[in-house]
Amino acid sequence: MKALLVALHYTSGCTHNWEEGETKIATLNLQKGIPRTKKTTWKKETKKNWPLYLLCLPAIVLVIIFSYAPMVGVVIAFQDYKPWLGMLHSNWIGLDNFARIFQYEESKQAIVNTLVIAVIKIVVGIVVPVIMAILLNEIRFMGLKRGIQTLVYLPHFLSWVTIAGIMIDILSLDGGINALLHRVFGMEPIYFLGDPAYFRATVIISDLWKNFGFSMIVYLATIVSIDPSYYEAAEIDGATRFQQTRFVTLPSMMPMIIVISTLALGGILDAGFDQIFNLYNPLVYSTGDIIDTYVYRSSLLSGQYGFGTAVGLFKSGISLILIVISYRIAYKVAGYKIF
């Protein structure tokens with residue numbers, strides 16, 4: 001949804017700074033003797049649009065109950081938490097749980113796995129949709145174009161539980177992929193979901209297959225918004241289709257690519273819990289265990305609630321910093337801002 005809002009922002013041609021525009025209009029009005037419009041107070045705004053605020057109220061209540069109220073539990077990260085003692089009576093141990101994050105090999109490996117998987121997902125999740133959007137834009141037969149667009153977009157609506165069930169079947173030792181590899185290349189069966197050497201690649205490719213169709217639509221919207229006169233001028237100058245793509249399409253897409261890439265930095269510690277949880281097993285912990293799955297196992301399964309909370313809080317803190325930095329970069333480089 002965030003990427004779609006960004007696309008709509010750019011495809012509508014709103015690349016100028018609204019705040020600067022409003023300031024200039026206000027200055028011109030003052031020069032012409034037109035008085036400055038009075039700012040609406042909070043009370044007047046609420047009285048005027050109270051039905052809209054009433055519609056937002058259920059969503060606000062849900063966010064408070066399920067997002068903000070549970071944040072009280074972060075105090076567990078600083079305690080030797082025992083369920084039978086509760087948060088009020090468990091021993092306070094300060095930052096000991098955070099120090100243990102860098103003492104356990106499993107936690108350090110989970111951090112490394114998270115970074116590797118997330119970074120590769122971000123890179124291929126930008127490069128492949130851009131290439132596919134450019135190629136799809138070159139198709140002139142609209143029926144074929146819309147058919148391909150629909151086919152690559154459909155996997156986005158499937159849950160990881162469904163996809164994991166399909167993958168477990170087709171990637172098993174006697175599944176369709178191994179049967180095809182043996183028949184065509186004479187290869188021995190590969191346990192894709194049980195071999196650490198293949199698990200990361202399997203995760204990244206399956207994530208790309210599921211999500212690149214949605215990202216491609218964002219870039220297609222950007223391409224459609226490009227002024228056709230640019231292509232006409234390039235064609236008059238004798239530019240080939242490849243040269244038009246290189247010197248017109250890609251530079252016009254660059255602001256959107258920069259925004260999407262920058263905002264993706266905020267999720268660099270999010271390697272996809274749903275996907276990993278439904279695909280991994282103890283055989284691939286060395287290359288497939290990420291921070292989220294490690295928190296799940298260490299807290300809910302092993303009973304180390306304080307340590308698991310500390311790992312989760314550590315991840316959330318780093319993610320918050322990265323999100324703030326990424327939004328500042330997006331604003332400085334591409335002029336993109338939410339508020």
Side-chain angles (χ1 to χ4, degrees), residues 70 73-74 76-77 80-81 95-125 158-173 175 177-178 189-211 264-323:
V74 299
I76 297 174
D80 181 15
Y81 179 74
L95 299 177
D96 288 356
N97 284 326
F98 293 92
R100 289 166 58 195
I101 296 176
F102 302 98
Q103 294 174 357
Y104 292 166
E105 289 298 325
E106 294 86 354
S107 59
K108 290 190 289 186
Q109 186 62 51
I111 295 174
V112 172
N113 293 339
T114 301
L115 290 173
V116 171
I117 294 174
V119 169
I120 297 177
K121 279 185 177 182
I122 290 173
V123 173
V124 299
L158 297 177
S159 68
W160 276 115
V161 176
T162 304
I163 294 177
I166 297 173
M167 291 182 62
I168 290 173
D169 287 336
I170 66 175
L171 295 178
S172 61
L173 294 176
I177 299 298
N178 275 309
I190 300 173
Y191 192 11
F192 291 97
L193 298 178
D195 190 337
Y198 293 96
F199 185 77
R200 283 180 182 170
T202 304
V203 166
I204 293 167
I205 293 173
S206 59
D207 179 80
L208 178 65
W209 170 77
K210 182 180 186 297
N211 295 315
L265 292 177
I268 202 169
L269 291 180
D270 185 11
F273 172 79
D274 291 345
Q275 180 191 18
I276 302 294
F277 180 75
N278 285 285
L279 291 176
Y280 85 146
N281 57 75
L283 295 176
V284 294
Y285 281 173
S286 60
T287 58
D289 193 21
I290 60 175
I291 294 177
D292 293 329
T293 54
Y294 181 68
V295 169
Y296 168 77
R297 290 201 326 277
S298 61
S299 58
L300 297 182
L301 299 185
S302 301
Q304 302 180 61
Y305 300 104
F307 176 69
T309 305
V311 176
L313 184 59
F314 169 76
K315 177 198 168 185
S316 300
I318 299 298
S319 298
L320 176 61
I321 295 172
L322 291 174
I323 288 173

Taking the six-membered ring for Trp, are Y285 and Y280 parallel (under 30°), tilted (30 to 60°) or perpendicular (over 60°)? tilted
Side chains of [X] and [Y]: closer than 4.5 Å at any heavy-atom pair?
X: V284; Y: R200; result: no
X: N97; Y: Q304; result: no
X: L115; Y: L269; result: yes

May I have the list of side-chain donor-acceptor pairs in residues 310-321 shorter than 3.5 Å, sequence neighbours left out?
unit_1, atom_1, unit_2, atom_2, d
K315, NZ, D292, OD1, 2.8
K315, NZ, D292, OD2, 2.9
S316, OG, G312, O, 3.0
S319, OG, K315, O, 2.9

Please say which of I204, D207, L208 ends up in a side-chain contact (heavy atoms from CB on, under 4.5 Å) with I120. I204
Approximate separation, where rounding is to 0.5 Å, of [X] [atom1] and [Y] [atom2]:
X: E106; Y: I101; atom1: CD; atom2: CD1; value: 13.0 Å
X: I163; Y: K210; atom1: CD1; atom2: NZ; value: 5.0 Å
X: Y294; Y: T114; atom1: OH; atom2: OG1; value: 11.5 Å
X: N278; Y: L193; atom1: CG; atom2: CG; value: 11.5 Å
X: L158; Y: I166; atom1: CG; atom2: CD1; value: 6.5 Å
X: F199; Y: N281; atom1: CZ; atom2: CG; value: 7.0 Å

Which atom of [X] lies closest to which atom of [Y], heavy atoms considered:
X: S299; Y: Y305; answer: O-CE2, 3.4 Å
X: F192; Y: N178; answer: CE1-OD1, 3.9 Å
X: P196; Y: L283; answer: CG-O, 3.4 Å
X: S206; Y: L279; answer: OG-CD1, 4.4 Å
X: A264; Y: I122; answer: O-CD1, 3.4 Å

Pairs meeting criterion salt bridge (charged side-chain N to carboxylate O under 4.0 Å, His left out) with involvement of residues 160-171, two or more places apart: none
Inter- and intrachain pairs under salt bridge (charged side-chain N to carboxylate O under 4.0 Å, His left out), touching residues 264-291, at least two apart: D289-R297
Heavy atoms from other residues, nucleotides or ligands near CZ of F273 exceed 12 (cutoff 6.0 Å): yes
